[in-house]
Amino acid sequence: MAWTIGGWHRADCRHQAAEQAPAWGCVAGPFPAAARRARRRAHKEVISVPRARGSGVGGGGDGEPDDGPGGGPLQRLRQPVAGGKRRRFRFWIDYQAFSSAGSAELIERALVAVGGVRAGGPPKLDAATGAKRDDGVYGYMHMDSWDLLWSVTAKAALAADLLRHHQMLAIVPGLLAVSRKTTLVRSLRDMFGDAAWGIVPRSYKLPDELDEWGQWVADNPGADTGMWMLKNNKQRGTGLRLVRTSEAFTACFETVSRPDLPPGMRLYRWYLAQQYITRPMLIDGRKFGVRVWVLVSDVAPLRLYIHGRGLVLFSSHRYDSELVAGADGSGPAPGHVTNYAQNENGDVWSLEQLAGHVGARAFSKLWADMCRGAAMAFAAALPRCAEVMEGVRPPAHSCFQFFGLDFLVDAAARPWLLEVNATPSMKVEHEDAGVAALIGAQKWPAVRDMVALVGISPQRFEEGAAGSRGAPDRSTPAYALEELRRRGGFVPLLHLLPHPAASTTPEAAAAAGLLRPLPWSRADRVLRDWCKGSREYQAAAAEVPALGGEAALVAA
């Protein structure tokens with residue numbers, strides 16, 4: 001019997017597109033790489049979104065009230081007018097690739113608000129029958145039909161090395177290095193060694209690290225919490241199994257068949273064993289997770305932000321550490337899972353409500369720790385990201401990505417990074433109208449501010465198509481300052497990344513406690529030096545948005 005292990009092998013493009021194997025990344029196109037590169041020219045782009053600031057929690061700034069998902073006075077997102085005619089750009093959203101019809105609803109609304117026109121992307125469901133569309137028309141198949149493509153990683157990656165000079169892609173090739181459960185753990189461990197276990201719970205790749213896992217358990221009986229979560233790369237809180245240590249080494253050998261595999265071939269069911277946090281912080285006896293949104297606005301040089309809005313998602317059941325398996329035995333007992341998809345119409349809080357519950361000082365520390373964990377995760381992804389970007393070579397400054405990060409908070413108020421979601425749902429849905437409004441009030445400012453910060457506008461695409469004359473150099477501190485002033489509720493994280501001076505060479509990286517150097521460029525070093533000396537940057541970085549925006553600084 002043949003066996004295939006769901007591990008770190010490179011998948012071909014078809015496998016990646018199906019997101020069935022945890023491959024690092026793959027792009028493809030109908031033209032040879034040399035021919036594709038010949039079509040590219042160096043270019044620079046200009047931003048036309050007016051300067052505006054938010055309150056630090058997603059407010060509109062300049063006296064503008066927060067806009068709900070139903071609309072509002074999106075003053076800083078108004079589209080330019082030329083000769084009395086409204087200017088437009090074309091966007092394509094691959095709705096068929098998202099988990100639900102509403103997953104990108106707010107994205108479309110924000111793009112329309114700044115002059116976008118939907119150029120394609122069939123709806124997920126047929127209008128007449130309500131059935132899922134199966135014609136498989138995706139943006140990468142229609143490269144001449146759009147200026148901006150919003151899609152899932154696997155589909156967007158197929159367009160990355162075919163981008164025209166004016167186009168933008170809402171993924172950064174190579175950041176699969178953190179957006180899968182297995183790759184997140186490997187990236188952190190490869191960069192930080194055992195220090196990674198201060199960011200994510202201790203984890204072992206299966207079955208490759210089975211012996212190492214068993215040895216650690218044998219050597220550290222006092223550190224073993226007694227329970228492990230077995231994971232695969234499924235989303236929406238599915239594909240999990242909680243087991244006691246005594247059962248774990250048997251359960252990890254479970255296999256599964258699949259219709260597309262050759263006869264007799266099976267896959268290991270579990271890719272990762274992760275130590276379970278058995279003492280989570282509880283509110284009213286229930287476990288909760290925190291969802292925050294992180295934006296990578298560029299990687300040349302890297303610019304990284306976290307939004308001040310977020311969601312606190314509660315389990316619908318009380319937490320019971322003794323109740324391990326669910327009723328059917330196929331997954332954890334309900335009280336252990338906080339994912340919204342598994343707790344639809346459950347209780348949801350804002351970060352402000354969480355801050356009010358735990359107190360200002362405790363929340364300040366929690367916020368600082370979440371910011372640090374997010375920054376370290378993306379720093380760990382940089383070596384692989386640089387490799388992929390070098391192979392793909394999209395036009396300069398054409399890629400950005402919006403992520404959803406999930407943290408679990410333990411009883412000591414310490415956050416643990418569990419997942420980096422590359423395509424966070426922007427759906428606003430709840431049977432309670434008040435809770436739905438709360439969800440919209442958190443998600444909408446994050447999306448709106450993302451569009452403003454990245455500078456998406458008709459003029460940007462026009463100047464990209466016309467050439468680089470008159471466009472700003474987007475790799476300079478001057479441009480970073482413009483971006484900072486458009487950030488709305490985003491808080492910058494550059495100061496938390498390892499500095500290029502202490503991490504670029506193997507010797508410097510080792511002295512800083514890193515296991516490998518980081519591929520910083522000269523532009524990264526100049527930008528980071530600017531961050532250290534800019535009072536405006538330092539003030540922005542010190543905000544704790546849930547405690548009142550600019551006036552709330554991280555507690556000493």
Side-chain angles (χ1 to χ4, degrees), residues 46-47 49-62 76 172 292-310 364-365 367-379 382 397 400-403 405 445-446 449-455 472-504 512 518 520-556:
V46 71
I47 302 300
V49 180
R51 180 186 187 277
R53 280 291 321 283
S55 67
V57 293
D62 297 330
R76 76 173 176 282
V172 176
V292 293
W293 297 288
V294 167
L295 173 65
V296 177
S297 61
D298 204 346
V299 291
L302 175 67
R303 295 193 293 278
L304 186 67
Y305 299 84
I306 185 171
H307 203 271
R309 295 291 177 105
S364 292
K365 184 178 185 306
W367 173 258
D369 288 344
M370 288 193 297
C371 289
R372 187 173 298 106
M376 292 302 98
F378 285 93
L382 280 178
H397 314 303
F400 67 96
Q401 194 158 358
F402 184 70
F403 295 88
L405 274 63
D449 294 345
M450 178 268 295
V451 170
L453 190 152
V454 174
D473 183 349
R474 300 184 69 206
S475 65
T476 65
Y479 182 82
L481 182 59
E482 291 180 30
E483 193 173 78
L484 189 70
R485 291 171 175 172
R486 292 194 301 267
R487 66 190 174 88
F490 280 103
V491 174
L493 299 179
L494 290 180
H495 61 292
L496 297 176
L497 298 167
H499 194 281
S503 60
T504 306
L518 288 164
W520 299 117
S521 66
R522 180 181 179 278
D524 284 292
R525 182 165 185 165
V526 170
L527 180 61
R528 302 289 296 292
D529 286 341
W530 167 78
C531 290
K532 292 170 62 177
S534 167
R535 290 185 179 180
E536 190 165 347
Y537 179 91
Q538 293 297 324
E543 292 178 9
V544 185
L547 299 181
E550 296 178 31
L553 304 182
V554 176

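Residue numbers start at 1 and run along the sequence shown. Scope of the values below: all heavy atoms of this structure, side chains included, with no hydrogens, waters or symmetry mates.
Evaluation of the side chain to side chain donor-acceptor pair (under 3.5 Å) rule for Arg525 yields no partner, not counting sequence neighbours. Contacts of Ala300 classified as side-chain contact (heavy atoms from CB on, under 4.5 Å), with partners at least two apart in sequence or in another chain: Asp298, His397.
Considering every non-hydrogen atom in both Ala374 and Leu405, the closest pair reads CB-CD2, 3.6 Å. Residues Ser503 and Trp520 come closest through the heavy atom pair OG-NE1, 3.0 Å. The nearest pair of heavy atoms linking Ala502 to Ala512 is O-CB, 3.4 Å. Heavy atoms only, all atoms of each residue included: Ala540 and Val491 are closest at O-CG1, 3.5 Å. Ala541 and His495 make their closest contact through CB-CE1, 3.3 Å (heavy atoms, listed as atom of the first residue, atom of the second, distance). Scanning both residues, Pro477 and Val526, for their nearest heavy atoms gives CG-CG1, 3.8 Å.
The structure places CG of Leu527 at 7.0 Å from CZ of Arg303, a figure rounded to the nearest 0.5 Å. The distance from the CZ atom of Phe378 to the CG atom of Leu493 is 9.0 Å, given to the nearest 0.5 Å. Atom CE in Met376 sits 5.5 Å away from atom CG in Leu497 (nearest 0.5 Å). Distance CG/Leu481 to CD/Glu536: 5.0 Å, rounded to 0.5 Å. Considering NE2 of His499 and CG of Leu518, their distance stands at 12.5 Å, rounded to 0.5 Å. For the atom pair Glu482 CD and Arg474 CZ, the distance stands at 10.0 Å (nearest 0.5 Å).
In this structure a side-chain-to-backbone donor-acceptor pair under 3.5 Å is missing from Tyr537 to Leu484. A donor-acceptor contact shorter than 3.5 Å is absent between the side chain of Gln401 and the backbone of Leu295. Using a distance-only test at 3.5 Å, with no hydrogens or angles considered, a donor-acceptor pair links the side chain of Asp524 to the main chain of Ser521. Of the possible polar contacts, one joining the Thr504 side chain to the Pro500 backbone as a donor-acceptor pair under 3.5 Å is found. A donor-acceptor contact shorter than 3.5 Å is absent between the side chain of Asp473 and the backbone of Tyr479.
Aromatic ring orientation, Phe402 versus Trp293: parallel (interplanar angle below 30°, classes split at 30° and 60°).
The side chain to side chain donor-acceptor pair (under 3.5 Å) test with Ser297 singles out one residue from Arg487, Arg486, Glu483, and that residue is Glu483.
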Run the side-chain contact (heavy atoms from CB on, under 4.5 Å) test on Met450 and Tyr305 for me, step by step, so that the C-alpha distance in whole Å, both residues' side-chain angles and the decisive distance to 0.1 Å come before the verdict.
CA-CA 10 Å; Met450 178 268 295; Tyr305 299 84; over 6 Å; no
Decide yes or no on side-chain contact (heavy atoms from CB on, under 4.5 Å) for Thr476 and Trp530, but give the supporting numbers first.
CA-CA 10 Å; Thr476 65; Trp530 167 78; over 6 Å; no
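Between Leu304 and Leu496, the closest side-chain pair of non-hydrogen atoms is not below 4.5 Å.
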